[in-house]
Amino acid sequence: MNMPLQAPPLGSAAHKIVTLLEQRTGQHLDVGRAWRIDSALQPMLRERGLSSLDELVARIAAGGRCEEGLADLVVDALLNQETSFFRDAGVLDLVLTAAMDMVAEAPRRLRIWSAACSTGQEPLSLAMLFSEAQERSGLPLPEIRATDISARALARARAGRYTQFEIQRGLSIRRMMAWFEVREEYWEAKAELRYRLLFAQQNLMSDPMPSGKFDIVLCRNVLMYLSPAARSQVLNRIAGVLRPGGLLVLGAGETVIGHTEALVPSECYRGLYRLAAH
Amino acid sequence: MKSCLVVDDSKVIRKVARHILETLQFEVREAGDGREALDRCAEQQPDVILLDWNMPVMSGMDFLRALRQSDGGMHPKVVFCTTENGMAYIRAAIEAGADEYVMKPFDRETLESKLQIVGVA
Ligand SMILES: C[S@@+](CC[C@H](N)C(=O)[O-])C[C@H]1O[C@@H](n2cnc3c(N)ncnc32)[C@H](O)[C@@H]1O
């Protein structure tokens, strides 16, 4: 028999964890995913010698020095961090085209921000794309910043190490040969590529934004997990760091429409967004 | 509908690959070694070939070299699909005319992604 799923009951441990996640990240767990909290947190319970979600919630509530960071770990374990190299490759080609147009119009070193970069495939893809463009046509290498809320994902992004499954997803064999080397059972991005990226931990909802203005911001496949209010907040914050003429790139199926007045679809680059004229 | 020739001496691998390829809307043919694969290609060149390295009778490398010199043999995209995962092997395969390279074990996403990269999916 198929029982209709209901949200975790008010006051239950699962409900408290859903609330914690929402407060920290703006992520709204739908009912289906809320029921997977238990399995997502099992490894962590075991590791900490905790017997149940109730005990975990009690520990977090008790605070105390040794539990600092426990809430962060819980949030981390519940985030979807799926990503791949050259995800929606057509969009990245469009980003390169737009970047070349920007530089042609006003020669400079562009600033690009990969917001919510997960385990690093997106900023590394940008670094490969722009390094190749530099070799081909002399386009100056942009400054590429990459941030994520998850310390765990960022540590992996910084290391630039990928399993055989991850390295084969979206990455052509020629690029793998050119930009990666084998380290034990991993594929590691060459230092020359990794050094082109600047990583920092950042919560898009509440932490200070990176300083200065950006020519291109990618914030892909994050908004889809956020509540409507959180989407507006994040989009408005991003609009605040876009340079006039700058572009925002969202994930396939994500839009600014209905979430902010500050951004509108770009007429020149289909699917990208620009600041609204005032 | 695009066509794919799966060349592998393992019946199990052929079956797994066939299953994934059919869900991706490919018309699939199979060959158990390089010799047989050349025959299949002589009948009709597929759009893409999934190619194992070590096989009896004729290896993947020997097949690839022969294919590229045969009539219409430049048409198929060739994706090596093998447990030979070292850089030296990969380089040799690309130099011999392979378009892509899948390191076994692979899953549906890997295969789909590589087929997209060579422009057939
Ligand atoms: C599904 S991944 C997308 C990764 C990459 N942008 C892509 O499109 O492939 C979503 C990422 O958003 C991060 N994230 C979720 N909420 C966030 C927040 N409030 N601030 C910053 N990053 C957040 C997660 O840690 C995760 O790495």
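Letters go in sequence order (proteins before strands), and every chain restarts at 1.
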TODO: Indicate yes or no: at least one non-hydrogen side-chain atom of B:Lys114 is less than 4.5 angstrom from one of A:Ile173.
DONE: yes

Task: Inter-residue atom distance B:Tyr101.OH - A:Met176.CE, 0.5 Å rounding - done: 9.0 Å

Open item on the list: Around atom NZ of B:Lys15, are there more than 12 heavy atoms from other residues, nucleotides or ligands closer than 6.0 Å?
Closed with: no

Task: Minimal non-hydrogen separation, B:Met87 against A:Trp187, with atom names - done: CE-CZ3, 3.5 Å

Task: Other residues, nucleotides, ligands: >12 heavy atoms within 6.0 Å of A:Glu135 CD - done: no

- [ ] Could you tell me whether B:Asp107 and A:Arg169 make a salt bridge, using a distance below 4.0 angstrom between a side-chain N and a carboxylate O?
- [x] yes

Task: Atom CZ of B:Arg18 with >12 non-hydrogen neighbours under 6.0 angstrom - done: yes

Task: Donor-acceptor pair, side chain of A:Gln168 and main chain of B:Met103, under 3.5 angstrom - done: yes

Task: Pairs of heavy atoms under 4.5 Å with chain A: top-ranked of B:Ile117, B:Asp99, B:Leu111 - done: B:Ile117

Task: Interface moiety of A:Leu171 toward chain B, non-hydrogen atoms closer than 4.5 Å - done: backbone

- [ ] Count the heavy atoms belonging to other residues, nucleotides or ligands that lie under 6.0 Å from NE2 of B:His75, then report whether that count exceeds 12.
- [x] yes

TODO: Counting only heavy atoms closer than 4.5 Å, note whether B:Val118 contacts chain A via side chain, backbone, both or neither.
DONE: neither

Task: Point-to-point distance, once rounded to the nearest 0.5 Å, from CD1 of B:Ile94 to CE of A:Met177 - done: 5.5 Å

Task: Gap separating the OG atom of B:Ser113 from the CZ atom of A:Phe85, nearest 0.5 angstrom - done: 10.5 Å

Open item on the list: Quick check on B:Ala93 against chain A: is it the side chain, the backbone, both or neither that has a heavy atom closer than 4.5 Å?
Closed with: neither

Open item on the list: For B:Asp39, I'd like to know if atom CG has over 12 heavy atoms of other residues, nucleotides or ligands within 6.0 Å.
Closed with: yes

Task: Greater than 12 external heavy atoms within 6.0 Å of A:Tyr186's OH - done: no

